[in-house]
Amino acid sequence: MTREAALEIGKWLEARGRLHQPVASLTLGDLEAMAVNAIARWIVLQSQRLHRQDWPREDPIALLLLG
């Protein structure tokens, strides 16, 4: 999961541009965007995994992620 989050953060940073600036120049909004993207990617990956494993749809986790 850490690697997937890092890849998504890297994609976001590349799209943002200004990679020559130090990390310290990132704003709280920038960091929150990184976190949101990482969490969203995790949810997508978990949903795909549950779908591949054919979890029962009555399961609370499956309902949350696949519903």
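Residues V36 and L31 are members of separate hydrophobic clusters, defined by side-chain heavy-atom contacts under 4.5 angstrom among Ile, Leu, Val, Met, Phe, Trp and Tyr. V44 and W12 fall into different hydrophobic clusters, defined by Ile, Leu, Val, Met, Phe, Trp and Tyr side-chain heavy atoms under 4.5 Å apart, directly or through other members.
One finds no salt bridge joining K11 and E14 here, because no Lys/Arg side-chain nitrogen approaches an Asp/Glu carboxylate oxygen to under 4.0 Å.
Residues M34 and N37 are not in side-chain contact: their nearest non-hydrogen atoms beyond the backbone lie 4.5 Å or more apart.
Residue pairs meeting the salt bridge (charged side-chain N to carboxylate O under 4.0 Å, His left out) criterion with at least one partner in residues 22-36, sequence neighbours excluded, are R16-D30.
We find the CD-CZ distance between Q46 and R41 to be 11.0 Å, quoted to the nearest 0.5 Å.
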